[in-house]
Amino acid sequence: MYDYIIVGAGSAGCVLANRLSEDPSVKVLLLEAGGPDRQREIHIPAAFSKLFQTPCDWAYYTEAEPELENRKLYWPRGKVLGGSSSLNAMIYIRGHRKDYDQWEELGNPGWSFADVLPYFKKSQNQERGPSEYHGTGGPLNVCDARCVNPLSHAFVDATEELGFTRNNDFNSDSQEGFGLYQLTQKNGCRYSAADAFLRPAMQRSNLKVLTNVHVSGILFDGKRAVGVSFHQGDGSRQERVEREVILSAGAIGSPQLLLLSGVGPASQLRQFSMPVVCDLPGVGANLQDHTTISVIYECLQPISLLNAEKLPSLLRYMCFKNGPLTSNVAEAGGFVRLSSASDVPDLQFHIGPSYFKSHGFETTTQHTFSFLPTVLRPRSRGTITLRSTNPLDAPRIHANYLGDPGEIDLMVEGVKLARQIAGARALTKFRGRELFPGDDAQGDEALRSFVRKMTETLYHPVGTCKMGTDSMAVVDAELRVHGLERLRVVDASIMPLVPGGNTNAPTIMIAEKAADMIKNGRTTKKHEDQVLTAS
Ligand SMILES: Cc1cc2nc3c(=O)[nH]c(=O)nc-3n(C[C@H](O)[C@H](O)[C@H](O)COP(=O)(O)OP(=O)(O)OC[C@H]3O[C@@H](n4cnc5c(N)ncnc54)[C@H](O)[C@@H]3O)c2cc1C
């Protein structure tokens with residue numbers, strides 16, 4: 001019998017597996033639907049989009065998106081040890097301090113920026129050294145890029161020319177301005193959550209990791225989670241647990257598993273003739289994501305990442321772990337506040353020396369560069385719902401992108417700002433024709449149409465098992481599922497609001513904090529008493 005069963009070896013699951021198994025007397029089982037992270041492309045930073053639509057990608061699609069010309073958008077998610085941290089773009093960003101203060105204001109004590117900063121630092125090994133905001137000696141290596149493309153330096157110069165601040169550290173006092181991103185890499189290779197947290201713990205005899213195991217449901221005894229059922233090979237198995245089941249299956253997998261187990265909106269469960277274990281209307285609701293769009297230019301000099309896969313750079317990578325293959329593609333970027341009403345940035349930029357269109361599926365023979373303006377604080381909300389009761393069927397994803405009218409205006413403003421940056425003197429010697437949206441797209445109507453045609457995900461779905469105390473909350477501030485015992489959700493799905501930035505570091509922070517809460521076991525008894533009283 002295991003003390004803890006963790007479902008999903010992604011960003012959060014790897015942290016939990018490591019931290020919980022630090023105590024040799026505690027037995028931990030980690031179950032992952034994907035396989036081991038052996039593919040070469042996982043480890044070579046610039047190759048990440050080559051992993052899309054392969055066996056280590058769940059390759060989800062949204063339903064037809066009404067504001068995006070009814071397009072069904074592709075959503076890559078990691079199905080492999082490390083989860084999405086094994087195929088992400090490696091940008092290390094925490095979000096704005098006010099994001100976390102807001103989480104706390106929403107009824108989640110212990111989640112203010114001052115409370116979570118120690119967990120960001122605990123997880124981190126900042127190669128620049130320790131500081132008020134950064135930790136060293138933690139498992140997750142965070143570093144500057146080894147090989148920065150000259151275009152990326154020119155982008156930052158261009159933004160400075162337009163009056164934006166040059167920011168050398170987005171995870172410190174101020175997030176605003178432009179600069180080069182720091183990365184979760186080590187020695188020129190990706191450093192996923194599996195590299196950082198799981199691999200060092202794999203030798204422990206009290207941690208068992210099973211791959212290619214698809215968890216199909218949570219087993220309950222009344223309101224108490226007592227184990228999980230899963231498919232392994234051709235068979236079905238069950239495993240029971242002594243202390244807790246912890247769902248870390250991500251913002252799509254965790255709500256799907258709760259629904260499949262009879263935990264969710266009673267009306268939806270009845271529609272599928274499923275017994276209702278716990279009526280929790282918020283399961284699968286509150287879906288938030290960052291939208292983005294590619295503004296692409298021809299590059300007049302042969303310096304983009306176009307030749308990154310050619311023999312010389314392959315050799316340079318293999319021999320010295322350096323050169324263009326160490327690029328995370330979106331090398332530079334920044335945070336801007338366009339709305340005067342906002343006291344935090346409302347747009348993020350990702351800028352790359354490459355052709356980033358249709359997730360990298362569409363290619364070109366030209367040298368190009370791309371700007372990706374990104375809406376940071378969307379107001380629209382989507383849902384994850386069951387498609388069927390078959391655990392192997394993907395759930396229905398209604399992202400409801402640009403459902404709030406302000407979002408399309410912000411995307412249009414982002415495209416205009418990308419054009420201004422591209423027009424700066426610092427980029428003159430590189431800038432060729434504008435390929436997208438193209439010179440014909442002038443005026444707000446034309447740009448709105450471009451946005452509807454070309455908006456894509458920036459891969460940050462969160463919020464579908466949100467933490468809080470209101471009627472739509474799924475977990476409490478200790479990430480225990482409301483109304484049930486011995487069941488937690490620990491991953492990106494618990495975020496009540498998407499942070500203003502990339503979501504990997506925040507997810508790792510969540511898992512670090514959850515591990516401490518679980519180990520301290522502070523209020524488990526109190527929570528169980530509350531559940532008993534309520535039922
Ligand atoms: C292409 C891409 C680029 C990105 N770029 C960045 C970036 O540059 N910087 C950044 O900060 N963030 C980035 N992100 C986002 C970031 O990686 C995620 O927010 C983060 O990894 C989410 O962690 P998680 O633990 O919630 O989920 P995941 O890491 O997705 O982990 C969930 C795990 O659960 C497993 N699982 C799911 N269902 C089951 C089941 N039924 N049974 C067993 N196992 C199951 C999955 O296979 C997976 O391993 C990117 C994401 C993608 C996809």
Side-chain angles (χ1 to χ4, degrees), residues 5-16 30-35 37 45 48-49 51-52 55-60 74-95 142 171 181-185 190 192-194 197-198 210-218 228-232 247-258 260-261 289-290 292 328-331 333 348 350 359-360 391-392 394-395 456-465 489-495 498-499 501-511 514:
I5 296 180
I6 304 165
V7 180
S11 300
C14 289
V15 177
L16 286 171
L30 175 64
L31 300 174
E32 167 56 41
D37 53 348
F48 72 88
S49 65
L51 298 160
F52 296 171
C56 58
D57 175 14
W58 289 87
Y60 292 113
Y74 165 59
W75 275 23
R77 306 308 297 163
K79 186 180 185 182
V80 62
L81 288 184
S84 299
S85 77
S86 285
L87 48 74
N88 73 10
M90 294 154 279
I91 298 171
Y92 182 81
I93 288 283
R94 295 171 177 174
V142 176
N171 300 305
Y181 285 127
Q182 281 211 291
L183 307 172
T184 46
Q185 292 186 2
R190 170 191 298 280
S192 69
F197 294 91
L198 191 57
L210 293 181
T211 52
N212 297 308
V213 159
H214 191 116
V215 176
S216 48
I218 305 154
V228 295
S229 54
F230 52 90
H231 298 304
Q232 190 178 28
L247 297 186
S248 297
I252 303 145
S254 287
Q256 184 188 16
L257 267 175
L258 286 174
L260 288 168
S261 312
D289 191 13
H290 290 142
T292 193
N328 73 318
V329 183
E331 295 176 6
Q348 182 179 0
H350 296 81
H359 311 274
L392 302 180
E456 295 286 351
T457 175
L458 196 80
Y459 316 117
H460 296 161
V462 306
T464 47
C465 299
V489 183
V490 179
D491 58 27
S493 71
I494 67 92
M495 300 181 187
V498 66
N502 314 66
T503 45
N504 191 43
T507 306
I508 287 172
M509 173 279 289
I510 287 167

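Both counts, for ligands and for their atoms, begin at 1 and track the order of listing. Because the structure is a prediction, the values reported are computed rather than measured.
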>> Checking the side chain of D57 only, and the main-chain atoms of F52 only, is there a donor and an acceptor separated by less than 3.5 Å?
In response: no
> So which heavy atom in the protein is nearest atom 29 (O) of ligand 1, and how far is it from that ligand atom?
Replying inline: S84 N, 2.9 Å
> Any idea which protein heavy atom is nearest atom 21 (O) of ligand 1, and the distance to it?
Replying inline: S11 OG, 2.7 Å
> Nearest to atom 8 (O) of ligand 1, what protein heavy atom do you find, and at what distance?
Replying inline: I91 N, 2.9 Å
>> Any non-hydrogen side-chain atom of P391 less than 4.5 Å from a side-chain atom of F230?
In response: no
> Without hydrogens or angle criteria, can the side chains of N504 and S85 be said to hold a donor-acceptor pair below 3.5 Å?
Replying inline: no
> Parallel under 30°, tilted from 30 to 60°, perpendicular over 60°: which one fits the rings of H460 and H290?
Replying inline: perpendicular
> Which protein heavy atom lies closest to atom 6 (C) of ligand 1, and at what distance to 0.1 Å?
Replying inline: N88 CB, 3.5 Å
> Taking distance alone, with no angle check, do A492 and ligand 1 share an N/O pair under 3.5 Å?
Replying inline: yes
> Hey, is L87 touching ligand 1 through its side chain, its backbone, both or neither, going by heavy atoms under 4.0 Å?
Replying inline: both
> Does F52 have a heavy atom less than 4.0 Å from any atom of ligand 1?
Replying inline: yes
>> Keeping T184 on the side-chain end and Y92 on the backbone end, is there a donor-acceptor pair under 3.5 Å?
In response: no
>> For Q256, which part has a heavy atom under 4.0 Å from ligand 1: side chain, backbone, both, or neither?
In response: neither
> Has G13 got any heavy atom lying under 4.0 angstrom from an atom of ligand 1?
Replying inline: no
> Hey, is Y92 touching ligand 1 through its side chain, its backbone, both or neither, going by heavy atoms under 4.0 Å?
Replying inline: neither
> Would you say T503 has any N or O atom under 3.5 Å from an N or O of ligand 1, going by distance alone?
Replying inline: yes
>> Using a 4.0 Å heavy-atom cut-off, which part of S493 comes near ligand 1: side chain, backbone, both, or neither?
In response: neither
> Is there a side-chain contact between I91 and I93, using heavy atoms and a 4.5 Å cut-off?
Replying inline: yes
>> Tell me the contacting part of T507 for ligand 1: side chain, backbone, both, or neither, using a 4.0 Å heavy-atom threshold, strictly below.
In response: side chain
>> With a heavy-atom distance limit of 4.0 Å, tell me whether V213 approaches ligand 1 through its side chain, its backbone, both, or neither.
In response: backbone
>> Classify the ring geometry of H359 against Y74: parallel below 30°, tilted from 30° to 60°, perpendicular beyond 60°.
In response: perpendicular
> Looking only at side chains, do R190 and N328 share a donor and an acceptor under 3.5 Å apart?
Replying inline: no
>> I'd like to check I252 versus W58 (side-chain heavy atoms, cut-off strictly below 4.5 Å). Are they in contact?
In response: no
> Between T464 and A251, is there a donor-acceptor pair closer than 3.5 Å when you use the side chain of the first and the backbone of the second?
Replying inline: yes
> Who's closest to atom 27 (O) of ligand 1 heavy-atom-wise, of G95, A251, G250?
Replying inline: G250
>> Just to confirm my output: which protein heavy-atom neighbour is closest to atom 36 (N) of ligand 1, and how far is it?
In response: W58 CZ2, 3.8 Å
>> Under 4.0 Å, counting heavy atoms only: does T184 come that close to any atom of ligand 1?
In response: no
>> Would M90 count as a polar contact of ligand 1, with the cut-off being nitrogen or oxygen pairs under 3.5 Å?
In response: yes
> Quick one: does L458 get an N or O within less than 3.5 Å of an N or O on ligand 1?
Replying inline: no
>> Counting C-beta onward and ignoring hydrogens, is there a side-chain heavy-atom pair between V489 and L258 closer than 4.5 Å?
In response: yes
> Which heavy atom of the protein is the closest neighbour of atom 25 (O) of ligand 1, given with residue, atom name and distance?
Replying inline: A12 N, 3.0 Å
>> Among all protein heavy atoms in this structure, tell me which lies nearest to atom 35 (C) of ligand 1, with the distance rounded to 0.1 Å.
In response: E32 OE1, 3.3 Å
> At what distance is the nearest protein heavy atom to atom 42 (N) of ligand 1, and which residue and atom is it?
Replying inline: V215 N, 2.9 Å
